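Reviewing the structure listed below.
Excluded from the calculations below are hydrogen atoms, water molecules and symmetry mates; all remaining heavy atoms, backbone and side chain alike, are included. Everything numeric here is computed off the predicted structure, so don't read it as measured data.
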Amino acid sequence: MQFYRIDTDDTLRETVQHGSDDFHFAYYVDDIWKYDFHYIDWHWHYEFEIVTATSGSVICLIGTEEVILEEGNSLLINSGVMHRFETRDGAIMPNIVFYPSLLAPEGTRIYEKYIRPFIESSLTYQVFTPEVPWQEQILQILYPLYRYLDGSEISEFYILKQLLQLWDVLLKHAKIPTPIASEKDSVSRQYKIQTMIQFIHDHYQEELSLADIASAATISKSSALQLFKKGIHVSPVEYLIQYRLSMAAILLRTTKQPVSVIAQNTGFQDSSYFCRKFKKFYQMRPGEYRQSKDSSA
């Protein structure tokens, strides 16, 4: 089986361009089981994203919240919101990603009146389920759009028309809360998390402790634990181990280095411990993982 991973920068912003410079829209059909560790890891982007569970259920971690997206339901994630997708038994997740300015250019009356207030609200996500009439309307727009995008002939005008219709229904019915008073505190917390994540990415090959990671953001160990648990639902050390394993997986796919050398080069001092951790996350030993990549090439 071929495994995929999401590419991000040191702030966890996704680095892939969605769509083209002259039409910022992209459509994907993700099989979450085929991603490293069977999840699409933490990331954010300036685009809106709408995901749908068409087979199986998707565990959506959005900021500090967890949403179980059952088969047949959809979810909109606001611009700039950190998120991650998981599955326990496999899930197919068609999704669309598009810049807010695709709906209306920034600075125009339409953007300022109908787009910017949504982006700047404290609403991080909105679920769409068939049980709610107006949300069923959204789904009745999404499913034909997915079928259309699966075809070979694509009209940008049709895509835009469907998105505007969807946005019209959303704004008429969704409750859009105003920005919360603690927004500045939220930005500060996010900055500290990103600072520690960048430190881990820069130093994962070295021996690192919780104290080392916390000191990167000049906070205490308990504060670092709290920020990571609330922000991305794992401890700093757990994130470090997962990042080391993802780097090891890349080396297994792209080099012929012995497993013991790869373990050493990714910060694991004990090869046996590395193999146990790798099997726990990938459900296969490092050698089996390399073999599966060779056979799928």
Side-chain angles (χ1 to χ4, degrees), residues 6 14 16 18-20 23-35 40 43-63 65-81 83-87 90-104 110-111 114-115 117-119 121 123-176:
I6 194 160
E14 189 177 10
V16 171
H18 300 292
S20 58
F23 194 69
H24 293 291
F25 174 91
Y27 168 63
Y28 307 98
V29 180
D30 289 318
D31 182 344
I32 300 177
W33 200 255
K34 290 185 178 179
Y35 278 79
I40 300 175
H43 65 286
W44 65 274
H45 38 68
Y46 293 112
E47 297 92 337
F48 294 131
E49 182 168 7
I50 301 177
V51 303
T52 303
T54 56
S55 174
S57 60
V58 180
I59 304 166
C60 306
L61 301 173
I62 306 166
E65 298 187 56
E66 178 179 305
V67 178
I68 307 297
L69 196 63
E70 300 295 348
E71 191 171 310
N73 294 349
S74 297
L75 175 111
L76 165 66
I77 300 171
N78 205 348
S79 170
V81 174
H83 53 281
R84 159 173 157 156
F85 304 113
E86 303 177 357
T87 182
I92 304 299
M93 187 183 74
N95 58 94
I96 55 176
V97 185
F98 57 97
Y99 261 96
S101 57
L102 182 66
L103 300 175
I110 292 176
Y111 186 91
Y114 300 105
I115 313 300
F118 186 91
I119 295 172
S121 75
L123 184 71
T124 54
Y125 69 91
Q126 173 66 56
V127 174
F128 307 120
T129 176
E131 285 72 37
V132 180
W134 74 265
Q135 294 175 12
E136 168 68 7
Q137 281 184 265
I138 298 283
L139 296 176
Q140 291 301 322
I141 296 169
L142 278 174
Y143 275 92
L145 179 58
Y146 291 149
R147 288 194 295 271
Y148 176 79
L149 293 168
D150 283 326
S152 55
E153 298 277 336
I154 301 296
S155 163
E156 291 82 2
F157 184 77
Y158 174 80
I159 294 170
L160 182 58
K161 180 169 71 74
Q162 296 301 101
L163 291 179
L164 289 171
Q165 184 183 350
L166 184 153
W167 203 257
D168 182 45
V169 175
L170 175 68
L171 293 187
K172 282 178 179 175
H173 298 279
K175 295 179 180 178
I176 314 298

| message | According to side-chain contact (heavy atoms from CB on, under 4.5 Å), who are the partners of Gln135, at least two apart in sequence or on a separate chain? | response | Gln126, Phe128, Thr129, Val132
| request: Using side-chain contact (heavy atoms from CB on, under 4.5 Å) as the criterion, list what pairs up with Tyr125, not counting sequence neighbours. | output: Ile62, Glu65, Val67, Leu75, Val127
| message | Contact between Asp30 and Val51 at the side-chain level, heavy atoms closer than 4.5 Å - yes or no? | response | no
| query | Are the side chain of Asp31 and the backbone N or O of Trp33 linked by a donor-acceptor pair below 3.5 Å? | reply | yes
| message | Atom OH of residue position Tyr114 - does it have more than 12 heavy atoms of other residues, nucleotides or ligands inside 6.0 Å? | response | no
| request: Assign the ring pair Phe118 / Trp167 to parallel, tilted or perpendicular, where the plane angle (0 to 90°) is split at 30° and 60°. | output: perpendicular
| field | By side-chain contact (heavy atoms from CB on, under 4.5 Å) - contacts of His24 (at least two apart) | value | Asp21, Tyr99
| So how far is it from Glu86 CD to Leu69 CG, rounded to the nearest 0.5 Å? | 13.0 Å
| request: Check the pair Met93 / Ile40 against side chain to side chain contact (heavy atoms under 4.5 Å, CB included), numbers first and verdict last. | output: CA-CA 11 Å; Met93 187 183 74; Ile40 300 175; 4.0 Å; yes
| remark: Interatomic distance, CG@Leu163 vs CZ@Phe98, rounded to 0.5 Å, equals 5.0 Å
| Reported NE2-to-CZ distance for the pair His43 and Arg84, which is rounded to 0.5 angstrom | 11.5 Å
| Does the Asn73 side chain pair with the main chain of Ala53, one donor and one acceptor, at a distance under 3.5 Å? | no
| task | Work out which heavy atom in Asn78 is nearest to a heavy atom in Leu123; give both atom names and the distance. | result | ND2-O, 2.9 Å
| message | Check whether Thr87 reaches the backbone of Val58 with its side chain - one donor and one acceptor, N or O, closer than 3.5 Å. | response | no
| request: Return each pair, listed once, that meets side-chain hydrogen bond (donor to acceptor under 3.5 Å, both in side chains) where at least one residue sits in residues 154-165; pairs must be two or more places apart or across chains. | output: none
| request: Would you please test Ile96 and Phe48 for side chain to side chain contact (heavy atoms under 4.5 Å, CB included) and show each step? | output: CA-CA 8 Å; Ile96 55 176; Phe48 294 131; over 6 Å; no
| field | Closest heavy-atom pair and its distance - Ser57, Ala91 | value | O-CB, 3.6 Å
| task | Look only at the side chain of Glu14 and the backbone of Trp44, and say whether a donor-acceptor pair between them is shorter than 3.5 Å. | result | no
| What do you reckon, is CD1 of Ile110 surrounded by more than 12 foreign heavy atoms closer than 6.0 Å? | no
| Straight-line distance of Leu103 CG to Asp168 CG, nearest 0.5 Å | 11.5 Å
| field | All side-chain contact (heavy atoms from CB on, under 4.5 Å) counterparts of Glu136, not counting sequence neighbours | value | Pro130, Leu139, Gln140
| said: Tell me whether the count of non-hydrogen atoms from other residues, nucleotides or ligands lying under 6.0 Å of OH in Tyr46 goes above 12. | reply: no
| CG-CG distance between Leu76 and Asn95, expressed to the nearest 0.5 angstrom | 12.0 Å
| query | Taking side chain as C-beta onward, heavy atoms only, is Ile50 less than 4.5 Å from Leu166? | reply | yes
| said: Return the CD1 to CG distance between Ile115 and Leu102, rounded to the nearest 0.5 Å. | reply: 9.5 Å
| remark: Residues passing the side-chain hydrogen bond (donor to acceptor under 3.5 Å, both in side chains) test with Tyr143, sequence neighbours excluded, are none
| Worked verdict on His18 versus Glu49 for side-chain hydrogen bond (donor to acceptor under 3.5 Å, both in side chains) | CA-CA 11 Å; His18 300 292; Glu49 182 168 7; over 6 Å; no
| query | Which is it for Tyr27 and Asp150 under the side-chain hydrogen bond (donor to acceptor under 3.5 Å, both in side chains) test, yes or no, and what are the steps along the way? | reply | CA-CA 9 Å; Tyr27 168 63; Asp150 283 326; 3.0 Å; yes
| query | Which atoms form the tightest heavy-atom contact between Ala26 and Gly19, and what is the distance? | reply | CB-N, 3.6 Å
